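Take a look at the structure below.
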Amino acid sequence: MIVTDQPLTPTTSLSSILEQKSAAALQKKLDITTVGQLLEYLPRKWIDHGRLSSFADLVADEHATVIARVRTSELRRMQRRRGSLLEVLAEDESGGQITMAFFQGWAAQRQLKAGVTAMFHGKVSTYRNQLTLTNPEFSVLGEEAEEGDASAGLIGLPADGERAPMPIYPAKAGLSSWSIYRMVRMVLGHAPVDDWPDPLPRGIRAERRLLGRFDALRHVHMPRTAEDPERGLERLRYEEAFMVQALLRTRREDASREPGQARPPREGGALQSFDETLPYVLTAGQRSCGEILSAELAESTPMNRLLQGEVGSGKTLVALRAMLQVVDAGGQAVLIAPTEVLAAQHERSLRRMLGALVTSGMFAGAGMLGGAPDSGGASPFALTLLTGSLKTAERRRALLQIASGEAGIVVGTHAVLSEQVTFAELGLVVIDEQHRFGVEQRNALRSRPGTTPHMLVMSATPIPRSVAMTVFGDLQLTVLEGLPAHRQPIQTHIARMSLGPRQIGRVWERIAEEVAAGRQAYVVCPKITQEDVRSDPDSGVSVEQDASVELMSQTLAQHPLLGELRLGSLHGRMESAAKEEVMRDFERGEIDVLVSTTVIEVGVDVPNATVMAILDADAFGISTLHQLRGRVGRGEHPGLCLLVTRLPAEHPSMTRLVEVSETQDGLELARRDVARRREGDVLGASQAGKNSSLSLLRAIRDEAVIVQAAQDLDRLAQQDPEWSQEPALSAELQEWTTRHDDAEEFIQRG
């Protein structure tokens, strides 16, 4: 019972109004200390009175609350210890059964008679391979409940006398769902409806036909009809979308005040010279994206943009043109790749793309764009590679070029992020394959003293958090539509090993057929050595299916179809020089089949490679699979990607493989990934879906609500920029800001 006559507010301490034992349990088990926090602890589902739960939802080692009907109840003496054991056989809505054990269960014996419906709460365990509940708490429902039972009568009665839906809360050991429900009902019955603060402006609530906040909470916690919970949740979801948008808007405004440097295009500069030497016409998508980036680079507000484009769509070309604009404006640009193999390939590719514009520089190995600074043409600068494996003299020269400003474009790996690397005037940071970098890594260069450089991150399959941020409108998204004329379609098929040895046999045949036609192939493995391989002595897996680079290289060398071909191996533990040599040999066509790990996942461009077999494909995520298959079909011949798996068709991981085989749209794959993995912490730095800062919203499912809230917020900001007429909104926003104060640098982190 409530132990005060004073009106309650969201900040009222529960310890001042509830019995000490109840308040202490809420604080210890759920870290709930105020009235507002208790009412924001929402049920996980609602059960119609009289409707039984489904035991199919039960998971071992988790606490669960279920409503079930007692089928039999039998008391027997225990054989190995003193006392008795009550075995209760309960039945769910579909006729499924579960046995519960009550040790010394005298109260259970008296109340849990056959035919009784009761709510049970406890930790799910297993006994003889069957799920069970041992000594669960219980509450008999309906007329069978004993008079004076403290847990009886939990279900509220609407005016018409019919039973209302029963909310089921996420519970803990020692704190059952009905205990939480009882305390919530007490609070709701005592709190004043009219004085409860509501951050949503009255006009918006009326226009969107939304409940007030307190009414929404009452609909969720004490529903009178089956429709009430969804009506309440509709309001609470919209409120969350509105507050997230308000917080992100505030941070965007703060970020726009940070010092940046405009990098407008220059007539007759390096970019114009580069465009005039291109041997092909830019696609409509490349021109459109280039115009967007050019306009943003010309502004002093730092750009923060995600460039999403299919593998092979020409993202690097778009990025290079942006980098040349920055160089023309007197700044430096850096392209950061996740691996040394990719960084080296980018450096070679950029030199080829720049063609005759690249000349020898004053330092050995440096590239220079032709033209004198005062000639009206392109100003000279070096194209510099910086990786962790450079020799001391090479690294010293690269650092000097970067620090002096001679290096207009720098290509590198994580080594570029080192504090030892000093830029003369960094104007643009380009991150290739942003899913391979953490937020802190991407933020490293932007957070240094001086003007904030523009940021461009590129990906074919954005990480879930980035997709969510584009939905919220906080990370500006540019989609590079279309593919260059020379790109060929890629067919993707799943080779299911569970269907028999013929599956892997056909994989090797297809590779041999492509090589016989003068083309090349990849065989991708999830492991490097035999010791790394997943071992399952009961699986009956043959040696050639053990997917390590080491073992597959040996196996294929003895294969009747592939043994006579020129085989090569590549993985991350090789010395940099050895990796470079293998990649150069493959690029020159001196290797027919390259057995590799995911080191070739991004950026590797070998137009003659047309087929890829990904072994144990279920070991990789959607983004990696999509990136890997993008290595084929880059020339005049169609590509073929074979996803080899040992999993049975019904395994949950097969869903990813089916999705990849069904679509080549990287953004669509990323959106499906969001729906499955959650969106990550959209208000902080975390990228992991389990750390989502969203409570009710789902970025993909509720995209329409999120966009709607953003539009309403924009209109409100135009009418009342300081929100002076909405004190409840300002107060709620301040609370949200405090709650997420670890993410003040969010906009810069991207």
Side-chain angles (χ1 to χ4, degrees), residues 1-44 46 150-151 153-159 164-172 174-202 204-205 210-225 228-229 231-240 242-243 695-696 726-739:
M1 58 177 291
I2 298 290
V3 295
T4 179
D5 294 329
Q6 299 299 316
L8 305 185
T9 70
T11 58
T12 300
S13 172
L14 291 173
S15 62
S16 68
I17 64 171
L18 293 179
E19 297 173 346
Q20 182 178 358
K21 181 179 179 181
S22 298
L26 286 172
Q27 181 174 7
K28 179 179 180 181
K29 301 294 184 180
L30 301 176
D31 195 27
I32 290 176
T33 59
T34 67
V35 167
Q37 290 174 342
L38 177 59
L39 295 186
E40 290 173 2
Y41 191 76
L42 303 182
R44 62 182 176 87
W46 293 260
S151 61
L154 292 177
I155 302 177
L157 294 176
M166 164 70 76
I168 304 297
Y169 294 84
K172 301 286 186 179
L175 188 63
S176 65
S177 173
W178 58 79
S179 297
I180 299 172
Y181 181 42
R182 188 164 53 245
M183 288 182 277
V184 168
R185 285 181 61 117
M186 289 187 218
V187 168
L188 284 174
H190 197 80
V193 179
D194 296 335
D195 297 335
W196 202 262
D198 194 327
L200 287 186
R202 186 183 302 272
I204 291 178
R205 296 203 308 267
L210 298 171
L211 297 172
R213 177 188 261 188
F214 191 85
D215 281 343
L217 292 171
R218 185 183 291 277
H219 275 62
V220 170
H221 290 292
M222 296 177 60
R224 299 172 67 83
T225 69
D228 280 358
R231 283 198 67 200
L233 291 175
E234 178 186 13
R235 150 62 203 242
L236 297 177
R237 286 193 199 99
Y238 181 91
E239 177 183 323
E240 184 173 26
F242 193 86
M243 296 310 303
S695 175
L696 295 173
E726 304 293 342
L729 172 58
S730 298
E732 185 76 5
L733 180 60
Q734 181 60 48
E735 180 184 341
W736 274 66
T737 303
T738 302
R739 194 183 310 169

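Just the heavy atoms: all of them, side chains too, but no hydrogens, waters or symmetry mates, feed the values below. Fair warning: this is a prediction, and the values are worked out from it, not measured in the lab.
- Smallest separation of non-hydrogen atoms from M183 and L18: SD-CD1, 3.9 Å.
- Under the side-chain hydrogen bond (donor to acceptor under 3.5 Å, both in side chains) criterion, Q37 pairs with T33, not counting sequence neighbours.
- Between L200 and R213 there is no side-chain heavy-atom pair separated by less than 4.5 Å.
- Scored by the side chain to side chain contact (heavy atoms under 4.5 Å, CB included) test, K28 finds no partners at all (sequence neighbours excluded).
- With rounding to the nearest 0.5 Å, the separation of CG in L8 from CD1 in I17 is 4.5 Å.
- P10 places none of its side-chain heavy atoms less than 4.5 Å from the side chain of T34.
- Residues D228 and W46 fail the side-chain proximity criterion, which asks for heavy atoms closer than 4.5 Å.
- Among residues two or more places apart in sequence or in another chain, the side-chain hydrogen bond (donor to acceptor under 3.5 Å, both in side chains) test is passed with T12 by T9.
- In terms of heavy atoms, E732 sits closest to P199 at CB-CB, 3.7 Å.
- Atom CZ of R182 and atom OG of S177 lie 10.5 Å apart (nearest 0.5 Å).
- Side chains of V35 and T11 form no contact here, defined as non-hydrogen atoms less than 4.5 Å apart.
- Considering only residues two or more places apart in sequence or on other chains, P170 meets the side chain to side chain contact (heavy atoms under 4.5 Å, CB included) condition with Y41, R44.
- Closest non-hydrogen pair, S15 versus A23, comes out as CA-CB, 3.8 Å.
- Between L38 and I32, the shortest heavy-atom distance links the atoms N-CG2, 3.7 Å.
- For the side-chain hydrogen bond (donor to acceptor under 3.5 Å, both in side chains) test, no residue two or more places apart in sequence or in another chain qualifies with D215.
- Looking at residues two or more places apart in sequence or on another chain, you find a side-chain hydrogen bond (donor to acceptor under 3.5 Å, both in side chains) between R235 and D198, E239.
- Within 6.0 Å of CZ in R231 there are 12 or fewer heavy atoms belonging to other residues, nucleotides or ligands.
- Of all heavy-atom pairs between P165 and T225, the closest is CG-O, 3.5 Å.
- For the atom pair R185 CZ and R218 CZ, the distance stands at 10.0 Å (nearest 0.5 Å).
- Contact check for L729 versus M243: side-chain heavy atoms found under the 4.5 Å cut-off.
- Residues I168 and Y181 form no side-chain contact, since every pair of their non-hydrogen atoms from C-beta on lies 4.5 Å or further apart.
- I204 approaches Y238 most closely through the heavy-atom pair CG2-OH, 3.5 Å.
- A distance of 10.5 Å separates CD1 of I180 from NE2 of H221, quoted to the nearest 0.5 Å.
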Practice task
Evaluate the side-chain contact (heavy atoms from CB on, under 4.5 Å) criterion for residues L217 and L236: first the C-alpha distance (whole Å), next the side-chain angles of each, then the deciding distance (0.1 Å), finally the verdict.
Solution key: CA-CA 8 Å; L217 292 171; L236 297 177; 4.2 Å; yes

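- Between W196 and L39, the closest side-chain pair of non-hydrogen atoms falls below 4.5 Å.
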